[in-house]
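Here is the structure we will look at, set down as C-alpha cells.
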2 protein chains.
Amino acid sequence: MPLTETIKRPSLHEELVDRLRNLVVEDALKPGEKVPEKALCESFGVSRTPLREALKVLASEGFVVLQANRGARVATVTRQELENTFPVIARLEQLAGELACDHIDAAGMAWIEARHDAMAKAFDARDRQSYFQANQDIHQALIHAANNDILKAHHKLLAARVRRARFMANLSDDRWAQAIEEHGRMMEALRRRDGESLGQVMKQHMMNKFAAHIKAIEDEADEGPDK
Amino acid sequence: MPLTETIKRPSLHEELVDRLRNLVVEDALKPGEKVPEKALCESFGVSRTPLREALKVLASEGFVVLQANRGARVATVTRQELENTFPVIARLEQLAGELACDHIDAAGMAWIEARHDAMAKAFDARDRQSYFQANQDIHQALIHAANNDILKAHHKLLAARVRRARFMANLSDDRWAQAIEEHGRMMEALRRRDGESLGQVMKQHMMNKFAAHIKAIEDEADEGPDK
DNA sequence: TGACTGAATTATGAATTCATAATTACACCC
DNA sequence: GGGTGTAATTATGAATTCATAATTCAGTCA
C-alpha cells in the first residue's frame with residue numbers, strides 16, 4: 001500500500017464535465033436545446049478546447065447528443081428511455097442493498113439512521129425540499145455502503161439521467177406516504193442486516209417510484225402541454 | 001416517421017474512441033503502459049486534438065486513467081475491480097434474461113438456437129476460438145433481445161472491461177463443461193420463455209465464470225509471474 | 001407573392017501554436 | 001560513488017488559428 005495518496009488536482013475539463021452535467025441535471029439547459037458553446041466558454045472563462053472535450057464525455061454519458069458539424073444538443077429523455085432506465089437502476093439498487101448489509105459499518109449505519117429520522121420529520125412537515133435531500137442521502141449512503149465502485153459509478157450516471165429537477169414537484173400525497181412506508185421496511189431489513197430483503201424492497205421501491213413518475217407524466221400530458 | 005435515415009458519418013473522435021478502446025480490450029496496449037500520444041497520432045494520421053478528446057471519453061469509461069500533466073495510462077484491472085464488476089454484470093444479465101423472454105422474436109430465437117448449436121459443436125471439437133465467438137454471440141443476442149438500450153450500453157462497457165484477450169486461454173476443461181451445461185439450462189428456460197429462470201441461470205452463470213477467472217488468476221500467481 | 005438559388009455569415013471540427021509542468025541529464029557537493 | 005540541485009529537454013493542457021460544413025439572408029424568377 002502506498003505511503004502517500006496521489007495528489008488530486010481536478011483538471012479543467014474534469015471540472016467542466018461536472019459543471020455542465022449539473023447544468024443539464026438541474027434543468028438549466030433544457031432538453032432539446034442546443035448547447036451554446038460560445039456563451040459557455042465565456043461564462044466559464046475557458047477556451048473551446050476543454051469545453052468540447054467535456055462535451056464529448058457528456059455525450060458518452062448520454063447527457064448530450066452530438067450532431068456532426070452541428071454541435072451538441074441536450075439529450076431529451078424519452079418515455080422509452082425512462083422505461084429502460086428504471087429497471088436497470090432498480091437492479092443496481094437491489095444489489096446495493098444486498099451488499100450494504102454485508103459491508104456497512106457503524107458510522108454508515110448511524111448516518112443512515114439520522115437521515116432516516118430527518119426524512120420522517122420532513123414528511124411530517126410536508127417539507128419537500130428537505131425530504132428529497134434526506135431521501136437522496138439515504139440512497140447514496142446505501143450505495144456507498146455497498147462498497148463497490150463500479151456499481152456506484154454506473155448507478156450515479158443512471159440516477160443523474162432520471163433526476164431532473166422538475167420531478168420534485170410530481171409527488172402525490174399517496175405516493176409520498178407509500179415511499180415513506182417502503183423506507184421504513186428498508187430500515188427494518190437493514191437493521192437486521194437482511195440483504196435479501198433489503199435488496200427486494202429497494203428494487204420494488206424503485207419500480208414504484210418509476211410507476212409514479214410515469215403516472216405524473218401521463219397526467220401532465222392529459223392536462224395538455226402548457227406552451 | 002422520417003422518410004430518410006439521418007446520415008451517419010462517424011466523426012473522427014468517435015472513430016478514435018472505438019479504435020483505441022479496441023487496442024485496450026485486445027491487449028495491444030497493456031495495462032499500466034502510458035498511452036503514446038504522439039505515436040498514435042502518427043499511426044492514425046490525426047492531430048492531437050481529436051485523439052485527446054477520445055482519451056477523455058475512454059477515461060470516463062474507465063479504460064484509461066488520466067494523470068494531470070502526465071498524460072494517460074491504460075487502466076489496470078485490479079482484482080478488486082473484477083470482484084466489483086462481475087456482480088454488476090451478473091445482475092444486468094439477469095435482467096436481460098427476464099426481458100429477453102418477454103421480447104424475443106422468431107428471428108432472434110432462431111439465431112440463438114443456431115449459435116447454441118455452433119457452440120456445442122465447437123465444444124465437441126475443443127475449438128476454443130469458435131466456442132468463444134459463439135458464446136459471445138449468444139450473450140450479445142440475449143442482451144439485444146432484451147430490447148433495452150440503457151441495459152445494453154452499460155453491459156457493453158462492463159463486459160469490455162472484463163474481456164481481455166488473454167482470458168481466452170484460461171478455461172479449464174471442468175469449467176468449460178460446466179459452462180456448456182449452464183448454457184443448456186439457459187436454452188431450456190428461454191424456449192419456455194421462463195424469464196425468471198433464465199435470469200437466475202444467467203446470473204449464476206456469470207458468477208461461476210467469475211469464480212473461474214479468479215481461480216485462473218490465482219493459479220497463475222501461484223506459478224509465479226513469468227517476467 | 002412565394003419558392004428557389006447562391007453568396008455571406010456563422011459555427012463547427014481539427015490542426016497548430018504556445019505556456020507550463022514534468023522528466024531527464026548533468027554538474028556539483030558531500 | 002551516491003545524492004542533491006539545477007538546466008535542458010520533452011510532453012502535456014489549453015488557446016488560438018484555419019478549413020470546411022451548415023445556416024441565414026438577399027436577390028431573382030416564376
Side-chain angles (χ1 to χ4, degrees), chain A residues 2-21 23-24 29-76, chain B residues 2-21 23-24 29-76:
Chain A
L3 217 79
T4 59
E5 278 297 310
T6 54
I7 304 170
K8 238 217 195 101
R9 235 176 331 168
S11 75
L12 201 40
H13 100 271
E14 236 171 294
E15 183 75 20
L16 282 175
V17 169
D18 278 341
R19 301 268 220 110
L20 286 175
R21 195 193 296 108
L23 287 184
V24 174
L29 289 171
K30 299 278 192 302
E33 268 183 13
K34 62 177 180 301
V35 180
E37 228 174 74
K38 208 169 185 177
L40 289 172
C41 282
E42 285 167 15
S43 134
F44 286 128
V46 299
S47 79
R48 282 177 58 217
T49 306
L51 188 108
R52 301 184 80 255
E53 288 173 347
L55 286 177
K56 301 289 191 295
V57 172
L58 290 179
S60 90
E61 293 181 352
F63 290 101
V64 304
V65 284
L66 301 177
Q67 296 165 300
N69 294 315
R70 275 190 286 177
R73 286 180 175 280
V74 179
T76 55
Chain B
L3 216 79
T4 59
E5 277 299 309
T6 55
I7 302 173
K8 254 239 180 75
R9 235 176 332 170
S11 77
L12 205 39
H13 100 271
E14 232 171 297
E15 182 77 18
L16 282 174
V17 169
D18 278 341
R19 301 268 221 111
L20 286 175
R21 195 194 295 112
L23 288 183
V24 174
L29 290 170
K30 300 276 191 305
E33 269 183 12
K34 64 176 180 299
V35 179
E37 227 173 74
K38 210 167 182 177
L40 288 172
C41 282
E42 285 168 14
S43 133
F44 287 127
V46 300
S47 80
R48 281 178 58 220
T49 306
L51 189 108
R52 301 185 77 256
E53 288 173 347
L55 285 177
K56 302 288 191 293
V57 172
L58 289 178
S60 89
E61 293 181 353
F63 291 101
V64 304
V65 286
L66 301 178
Q67 295 165 301
N69 294 316
R70 275 191 287 179
R73 286 183 174 278
V74 178
T76 56

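Residue numbers begin at 1 in each chain, while the letters A, B, ... track the order of the sequences. Computed over heavy atoms, backbone and side chain alike; hydrogens, waters and symmetry mates excluded.
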Side chain of B:E37 only, please: which of C:dT23, D:dA14, D:dT12 is the nearest?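 When the side chain of B:E37 is considered, D:dT12 is the closest of C:dT23, D:dA14, D:dT12.
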Heavy atoms from C-beta onward define the side chain here; which of C:dT12, C:dA22, D:dT12 lies closest to that of A:R52?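 The answer is C:dT12.
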I'd like a list of close polar pairs between nucleotides 16-19 of chain D and the protein, N/O only, cut-off under 3.5 Å.
unit_1	atom_1	unit_2	atom_2	d
D:dT16	O4	A:T49	OG1	3.2

Grab the [atom1]-[atom2] distance between [X] and [N] for me, whole Å please.
| X | N | atom1 | atom2 | result |
| --- | --- | --- | --- | --- |
| B:K34 | C:dT24 | NZ | P | 8 Å |
| A:E14 | D:dT12 | CD | P | 17 Å |
| B:L51 | D:dG13 | CG | P | 12 Å |
| B:E53 | C:dT12 | CD | P | 13 Å |
| B:L66 | D:dT12 | CG | C1' | 11 Å |
| B:K38 | D:dT9 | NZ | C1' | 11 Å |
| B:L16 | C:dA15 | CG | P | 9 Å |
| B:H13 | C:dA15 | NE2 | P | 13 Å |

Considering all heavy atoms of both residues, which atom of A:K56 and which atom of A:L66 are nearest to each other, and what is their separation?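 Heavy atoms only, the tightest pair is CD-CD1, 3.7 Å.
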Tell me the closest heavy-atom pair linking B:A75 and B:P31, and the distance in Å.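 Nearest pair, atom of B:A75 first, then B:P31: O-CB, 3.7 Å.
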Got a sec, which residues hit salt bridge (Lys or Arg N to Asp or Glu O under 4.0 Å) with A:R70, two or more places apart in sequence or on another chain?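 Residues passing salt bridge (Lys or Arg N to Asp or Glu O under 4.0 Å) with A:R70: none at all.
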Would you mind telling me which residue lines up with the more 5' stretch of DNA chain D, A:R70 or B:Q67, judged by nearest nucleotide?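 Whichever sits nearer the 5' end wins; that is B:Q67.
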Out of A:E14, A:R21, A:R19, which one pairs with A:V17 under the side-chain contact (heavy atoms from CB on, under 4.5 Å) rule?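 Answer after filtering A:E14, A:R21, A:R19: A:R21.
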Under the criterion side-chain contact (heavy atoms from CB on, under 4.5 Å), which of B:V74, B:L29, B:L58 is the partner of B:L23?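 That would be B:L29.
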Can you give me the N/O atom pairs linking the protein to nucleotides 5-10 of chain C at distances under 3.5 Å, or say none if there are none?
none

Working to the nearest 0.5 angstrom, can you tell me the gap between A:E33 CD and A:T76 OG1?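 A:E33 CD to A:T76 OG1: 12.5 Å, rounded to 0.5 Å.
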Donor-acceptor contacts, no H, no angles, side chain residues 38-55 of chain B, under 3.5 Å, sequence neighbours left out:
unit_1	atom_1	unit_2	atom_2	d
B:S47	OG	B:T49	N	3.4
B:R48	NE	B:E37	OE1	2.8
B:R48	NH2	B:E37	OE1	3.3
B:R52	NH1	A:E53	OE2	3.3
B:E53	OE2	A:R52	NH1	3.4

Tell me, please, which residues at least two apart from B:Q67 pass side-chain hydrogen bond (donor to acceptor under 3.5 Å, both in side chains).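 Partners of B:Q67 by the side-chain hydrogen bond (donor to acceptor under 3.5 Å, both in side chains) criterion, ordered by chain and then number, come out as B:R73.
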Output the residues of residues 56-65 of chain B in contact with DNA chain C, where contact means a heavy atom of the residue under 4.0 Å from an atom of the strand; sort by number or write none.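 Residues of residues 56-65 of chain B under 4.0 Å from DNA chain C: none.
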